[in-house]
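Worksheet: the structure to be examined is printed underneath.
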2 protein chains.
Amino acid sequence: MPIEDKQRLQRNDRVTIRTVATHAGVSVAAVSKVMRNAYGVSEGLRAKVTGAIEELGYRPSRAARGLRGRSFTIGVLLIDIRNPFLPEVIAGVNGVLALSHYQAMIGVSDARVQLETSLIESMIDYKMDGLILVAPRLPSEIIAKLASEIPIVAVGYHDAGATAFDTVNADDQRGAEIAVEALLACGYRDIEMLSLGEREGHQVSVVRQREIGFRRAMQRAGLGSSASISKIPIAPPKREETMRKFLSRENRPRAVFCWSDLDAITLLSLAMEMGVRVPEDLAVIGYDNSSTAALGLVNLASIDQSGRELGQVATRTLISRIEGRTSAEHIFQIPSLVSRGSLIRSGSAKGA
Amino acid sequence: MPIEDKQRLQRNDRVTIRTVATHAGVSVAAVSKVMRNAYGVSEGLRAKVTGAIEELGYRPSRAARGLRGRSFTIGVLLIDIRNPFLPEVIAGVNGVLALSHYQAMIGVSDARVQLETSLIESMIDYKMDGLILVAPRLPSEIIAKLASEIPIVAVGYHDAGATAFDTVNADDQRGAEIAVEALLACGYRDIEMLSLGEREGHQVSVVRQREIGFRRAMQRAGLGSSASISKIPIAPPKREETMRKFLSRENRPRAVFCWSDLDAITLLSLAMEMGVRVPEDLAVIGYDNSSTAALGLVNLASIDQSGRELGQVATRTLISRIEGRTSAEHIFQIPSLVSRGSLIRSGSAKGA
DNA sequence: CGTTATATGGAGAACGTTCTACATTCTGTG
DNA sequence: CACAGAATGTAGAACGTTCTCCATATAACG
């Protein structure tokens, strides 16, 4: 009985929509309709089909779905998985997605444009339903082109002029202003910014935005001429060397604003090693309010931009675009200051 | 000319294997053969096809590939994205994969068994070529069942008896022993372990393995009777409360081994707040040698298990299984101690 | 020159869905 | 009771690959 054999072989394998249809005694199309809860399904049919699905433990193949319709997956592209800010974003994304029938698949580009491109293309080739790009390196035109193939929301990418894709950002200019204002309020006047190395990040990156905010706030306080920005390289050996040089500089400022907690925390550590007291000799304020900054040992004042919330908003924005919106949205969150010991010795206020 | 129209419509869209075939003047099957570099392709054919692929910028659809053959994607399942150990593993995976034609897609389960299961199923439904599960929560039988559908390598999952899937681990028992031995060498005798709350992690988890190692090392030193283990809950409010209680306990030991840097660092922070001096009043040793532990400010001694290397080895193991190996492999790495200030005040040795 | 082996390329059936177009049955209405 | 229109279910063509045969052309050999 060759037919029997063939059937057994098929049954051994995967439970497909066909298996379900046969088992429920209905057509394949009917099962599909129930799955997508499309129009034209009676109570009876629905019951039969869901029953069969239950019994067989049927799961639709995402690969096959992607080939024809939606795959109910969204892709998230992370530039780097080590910066503790990014896991927060993921947590926000997952939180919102948990309530929907979508799932997130994450790619990590390690800040390499090449890999970033190929990862995005893969996600498109998987027919994912939408993409959240976190701090992408790609230029706006390229992202716009990709956005014609798949809905895209960029997080940490300041391009409010984009029409092809949405952006969700904390207001990084404002965040930097808040940091400067906090330092000014503590009475510091000679404030320097420690930013990211020259070649990292284009104009739309959060880093450059923070630089703009820093300059503006200094200008506004009449300190425009002395608003200087030092660039810290990322590569480990050069990075610490530059920081040490900064700490032992003769004309070292009394206060410093770091573009990221990552740098601020390393700076704090080196300062301790070198006998520079914080905040007495040097006040430090970071960015991201990472969990490490909150540790009593570290006690770093920081600008909080709630990565989690950014992730949540980005996800909702993406879903609304997947479900039909075509006009671009550009959303801003306002960051806030979390004051801690690196800013001011608790109890005693610094005079102006 | 309706045919023209139809062609234009199709061309507008995606460049498919058919587009390439037409453009190169060969059959679809020929293009596929070149892509997979299968047997029976002449130099001329190959040149024509690769030329057309180049010109058209053709990328095969992963969705379609998955439906029929390999998708050249491997899935990585992370239990949690916040523990800084896990990004290290990813870095290792990506490093090895960069040299191959495979790509990684990551799912984050947030330690929820439900989500973990559905993420794994999704990866199977995407017809991914293999899976790396990092510290999965699922029981061995379930993983074995899943492994019949897809090659699986489990990292941080001590089940050397598994025949259906491979495991890659640091020797967590040995790691704990090393920690205890280091504390003993510094002269401490009353040593306690701070482990993870009761309900977290089954016997095969790294945590339980470290407990076993801890007990054994204590026993071996003739301190078996006083080898006590405290469980720290994960949920934030309870967690700190328990640690505070530990720190203010009357019979607090002189030395403590924490199952993870995550806990050790929080402990260090609380100790500082509460005026418990480290290492004078309390020596601390952690696990994972995370970058935070290495900070001068934190200066936490820790067991290094090189997450990066674990990721690399796991990836190579998975690829070898994808490419045909059927017997199970169970690989062990030996961890090592990184001594720092939390263990012993630099310069002066503690007497026994 | 006939026969057999060996390369090379192509036809076409899967893979598991979605979804359009159609067939059938059931209403309600004049 | 005939008939329009709504409600319900189905057939079957995509989607873009892979991969198993097959067909042909060429080479090798007696």
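The figures here come from the full heavy-atom set of this structure, side chains too, leaving out hydrogens, waters and symmetry mates. Keep in mind the model is a prediction, meaning the values are calculated, not measured. Chain letters run A, B, ... following the sequence lines, proteins first and then strands; every chain starts at 1.
Qualifying salt bridge (Lys or Arg N to Asp or Glu O under 4.0 Å) partners for B:R325, counting only residues two or more places apart in sequence or in other chains: B:D166, B:E329. Residues satisfying the ring-ring contact (aromatic ring centres under 6.0 Å, His included) test with A:F165, not counting sequence neighbours, are none. The ring-ring contact (aromatic ring centres under 6.0 Å, His included) search around A:F72 returns A:H101, A:Y102, not counting sequence neighbours. For B:F85, there are no ring-ring contact (aromatic ring centres under 6.0 Å, His included) partners two or more places apart in sequence or in a different chain. Qualifying salt bridge (Lys or Arg N to Asp or Glu O under 4.0 Å) partners for A:R308, counting only residues two or more places apart in sequence or in other chains: A:E88. Not a single salt bridge (Lys or Arg N to Asp or Glu O under 4.0 Å) links A:D80 to another residue, sequence neighbours left out.
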Report, one line per pair, each donor and acceptor closer than 3.5 Å where one atom sits in a side chain of residues 106-115 of chain B; sequence neighbours left out.
{"from": "B:S109", "atom 1": "OG", "to": "B:L78", "atom 2": "O", "distance (Å)": "3.4"}
{"from": "B:S109", "atom 1": "OG", "to": "B:A111", "atom 2": "N", "distance (Å)": "3.3"}

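Counting to the nearest Å, the P atom of D:dG9 and the CD1 atom of A:I17 are 15 Å from each other. The CE-P distance, from A:M35 to C:dC19, rounds to 12 Å in whole Å. When rounded to the nearest whole Å, the span between CZ of B:R14 and P of D:dA14 equals 19 Å. Straight-line distance from the CZ atom of A:F72 to the P atom of C:dT17: 13 Å, rounded to whole Å. Between the CZ atom of A:R62 and the P atom of D:dG16 there is a distance of 20 Å, given to the nearest Å.
Residue contacts for A:R18: at a heavy-atom cut-off of 4.0 Å it reaches a base atom on one of the strands shown. No contact: A:R70 has no heavy atom under 4.0 Å from any strand.
Looking at the side chain of B:L67, the nearest of the listed nucleotides C:dC19, C:dG16, D:dC19 is C:dG16.
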Per-nucleotide protein contact string for nucleotides 6-13 of chain C, where B marks a base within reach and S marks sugar-phosphate only (heavy atoms under 4.0 Å, - for neither): -SBBBBB-

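Where the helix from C:dC1-D:dG30 to C:dG30-D:dC1 starts and where it ends, the local axes point in directions that differ by 50°; five pairs per end, rounded to 10°.
Taking CG of A:N37 as the reference point, atom OG of A:S32 lies at 11.0 Å (rounded to 0.5 Å).
The shortest distance between the side-chain N/O atoms of B:Y126 and the OP1/OP2 oxygens of C:dG16 is not below 4.0 Å. Remark: A:R65 is in phosphate contact with C:dT18, judged by side-chain N or O atoms under 4.0 Å from OP1 or OP2. At the phosphate of C:dT17, neither OP1 nor OP2 sits under 4.0 Å from any side-chain N or O atom of A:S32.
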From CA spacing to verdict: side-chain contact (heavy atoms from CB on, under 4.5 Å), A:M123, B:M105: CA-CA 9 Å; A:M123 288 173 171; B:M105 290 282 172; 3.9 Å; yes

